Amino acid sequence: MDVFTQSLLAAAVLMPMVGSAIAVLGARVSNRRRRIATELGWMSALLAVGTAVAVALRGSFGIALGGAHGQPLLGLWADPLTATLLVLICGVGAVVQSYGLRYLQADPKAERFVAAANMVVTAMAVVSTSITLAGLVAAWVVAGIGFVAVVGARPDLPGVRTSARRTLGMFVLGDAALVGAAVIIWLRAGNVDVVSSYAVRLAAGAIGGFSGAVALLIVVAALSRSAQGPFGRWLPGTVSAPTPASALLHAGVVNGGGILLIRLGALAGDSIFAMIVAFTVAAGTAIVATALMTRKPDVKGALVFSTMGQMGFMIAECAVGAYLAALVHLVGHGMYKATLFFGSGSQVSRLGEESIAPARAGSTLVRLLAAGTMTVATVGVMTTIPGVLEHRGGAVLLVFTAATAAAAGWAWWAQRPGSLGVTVAWVASMLAAGALYGLVLGGLGDWIGPALPITGIGTLSPWWLLIMGVGGLAIAGLLRISSIRRRLVASLIAAGAPPAITSPQRSTHGFVDPWVGSRGDAVQTTAIWMEGVA
């Protein structure tokens, strides 16, 4: 591959770090330096798109440095998988910087945020494109350090210091696990080329009896960075950070667990025990966090628990070997959640403003017909698109798509659309969304499929995802029983969690408390599935 395309890749990855250096030059606050750093972020995003185009037109390519016996020590690699991740990370980073340029315009510590955010973008770009295990692990640690700096960029704000310390503690735990796994792999197999499936499989064989320990350490690192199970205590506290920091976290950092499992899936997927641990912790987190999301009275707090639930679903997808579905979920969640955080301020009701439309529930039979019609129509559209059912877990994801369509039909008809034209337009939009999802899934399967890791022998059946979904619905139904709900609230208060809303009142979601019979539960559930079905 020629020097031009290699330069595209190197510049896309390293340009945010140049912006980080420019942001902190000088002793005084300078909006000009911040604008330059933001413009460099957008240049990085454009170069990432150029890299993806070069991969599409000319094939995969890379840059390698050092090493012995023909093995690189460090390097960057562009193929359909890494180029897609690079576009996502650099694109989200550029948007966050542009938003932060206005949001933090009068902030005396804005340069600190800009520098740390650019550091995170560069590090995650290296994690996504690194040729070698050593480069991936080093960048992973740097990304964690950078995000702790992002969270603590305003230590004078209430709760920021505590949140930064808690985040640092959880990140150190997860990073130590990954470094430990890397040391074992290095001692047994050397600095593994993580791009080559053949090299990774050879390394997995060379690890021998340590393969289970390595797989478990990788899973612990992924669970920690994605705020799953006992490692998730750090994420709720990050709401005290400014909104641009929250957007960067939920769109580009917390996804790191999925990126790690996708890139190192062949090293972790051979251990059935590690995959059971990953699936169990992720499924439990997804169910509990989704339930708690509907109980949070603040917008950012609800989005935090939504992210924990979505990351649980994504980790579970990796545990069953549905790497393509996890990647689509990862990309979709990054863009969707960043948008929600950027618009979180507009969700807070203004004084005297009526934010709750009166519920006009239709008859149960009519709502069932609406839900059934949407389910049949959406599934019919998706099954006509080539490639949807060909990848691992495709049939299970089709079931989740059907559940999304059913929830959407039920929630929509609860509003009793006022005209036939509105009804037709809504049905058409839902069918178009189903078709678009099918096209994206099929197209990305053709584009990225060959670069995804080979499913390990310890990988669970994709149908476990369906069991997780059924379990979540069952728990959601139990939580509607008032006695169980009271016990749950009492246990949360005893554990130190903020008390939940127990009477109908307006929240910053714009919905009445969904556990007291409002329309909010159906709408929130629909939003969850529409974000999470991937």
Side-chain angles (χ1 to χ4, degrees), residues 6 9-21 41 44-45 47-48 51 62-67 71-79 81-93 96 115-150 167-168 170-183 185-186 191-196 200 217-218 220-222 224-226 248-249 251-265 267-268 330 334 453:
Q6 292 177 330
L9 174 60
V13 171
L14 298 177
M15 195 164 288
M17 188 57 73
V18 176
S20 179
S44 172
L47 290 170
T51 301
I63 309 170
L65 300 174
Q71 296 295 324
L73 178 62
L74 299 172
L76 304 174
W77 183 258
D79 61 18
L81 171 62
T82 60
T84 300
L85 293 174
L86 184 64
V87 170
L88 171 67
I89 292 168
C90 294
V92 168
V96 167
N118 276 308
M119 175 181 173
V120 170
V121 172
T122 293
M124 288 305 299
V126 175
V127 168
S128 301
T129 60
S130 176
I131 291 179
T132 63
L133 181 64
L136 187 153
V137 173
W140 178 270
V141 174
V142 171
I145 295 172
F147 183 70
V148 172
V150 169
T167 302
L168 177 61
M170 289 294 102
F171 278 19
V172 166
L173 181 62
D175 292 0
L178 184 59
V179 170
V183 169
I185 295 171
W186 188 297
N191 189 17
V192 179
D193 180 351
V194 294
V195 173
S196 169
V200 173
L217 290 172
I218 292 173
V220 167
S224 173
R225 189 62 59 92
S226 291
L248 180 64
L249 163 66
V253 175
V254 78
N255 288 339
I259 294 175
L260 183 68
L261 290 180
I262 290 173
R263 297 220 64 200
L264 301 182
L267 290 172
L330 187 154

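Count residues from 1 along the sequence. Below, all heavy atoms of this structure are taken into account, side chains as well, without hydrogens, waters or symmetry copies. Computed from a predicted structure; not experimentally measured.
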Ignoring hydrogens, what is the shortest heavy-atom contact between [X] and [Y]? Give both atom names and the distance.
X      : Y      : answer
Leu86  : Ala125 : CD1-CB, 3.7 Å
Met17  : Met119 : CE-CA, 3.9 Å
Gly93  : Val121 : CA-CG2, 3.8 Å
Ser44  : Cys90  : OG-SG, 3.3 Å
Thr51  : Ala78  : CG2-CB, 3.7 Å
Ile218 : Ala268 : CG2-CB, 4.4 Å

Margin query: If you define the side chain from C-beta out and look only at heavy atoms, does anything of Val127 sit under 4.5 Å from Leu85?
Written below: no

Notebook entry, point to check: Taking C-beta and beyond as the side chain, do Leu178 and Leu260 meet within less than 4.5 Å on heavy atoms?
Noted result: yes

Item checked: Residue that, paired with Val192, satisfies side-chain contact (heavy atoms from CB on, under 4.5 Å) out of Leu264, Leu267, Val200 ->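 The passing option is Val200.
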
Next item on the list: Starting at OG1 of Thr167, measure out to CZ of Phe147 and round the result to the nearest 0.5 Å.
Entry: 6.5 Å

Checklist line | Separation of Leu133 CG from Asp193 CG (nearest 0.5 Å) | finding: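 With rounding to 0.5 Å, CG (Asp193) is 10.5 Å from CG (Leu133).
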
Notebook entry, point to check: Under the side chain to side chain donor-acceptor pair (under 3.5 Å) test, which residues partner Asn191, sequence neighbours left out?
Noted result: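 Once residues adjacent in sequence are excluded, Asn191 has no partner under the side chain to side chain donor-acceptor pair (under 3.5 Å) criterion.
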
Next item on the list: Return the set of residues passing side chain to side chain donor-acceptor pair (under 3.5 Å) with Thr82 (not counting sequence neighbours), or none when no residue passes.
Entry: Asp79

Next item on the list: Would you please name every residue forming a salt bridge (Lys or Arg N to Asp or Glu O under 4.0 Å) with Arg263, sequence neighbours left out?
Entry: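 Listed in chain order: nothing, the list is empty.
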
Next item on the list: Output all residues satisfying salt bridge (Lys or Arg N to Asp or Glu O under 4.0 Å) with Asp175, sequence neighbours left out; order by chain, then residue number.
Entry: Arg225

Next item on the list: Mark yes or no for whether Ser224, through its side chain, and Val220, through its backbone, hold a donor-acceptor pair below 3.5 Å.
Entry: no

Qualifying residues under side-chain contact (heavy atoms from CB on, under 4.5 Å), relative to [X], sequence neighbours excluded:
X      : result
Leu168 : Val148, Val172
Val96  : Val92, Phe113, Pro244, Ala247, Leu248, Phe342
Asn255 : Met311, Leu330, His333
Ala149 : Ala116

Notebook entry, point to check: After noting the C-alpha distance and the side-chain angles of Val18 and Leu14, does the key distance pass the side chain to side chain contact (heavy atoms under 4.5 Å, CB included) rule?
Noted result: CA-CA 7 Å; Val18 176; Leu14 298 177; 5.5 Å; no

Notebook entry, point to check: Which residue pairs pass the side-chain hydrogen bond (donor to acceptor under 3.5 Å, both in side chains) test when at least one of the two sits in residues 117-138, sequence neighbours left out?
Noted result: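 For residues 117-138, and leaving out neighbouring residues, the side-chain hydrogen bond (donor to acceptor under 3.5 Å, both in side chains) pairs sorted by first residue read Gln97-Asn118.
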
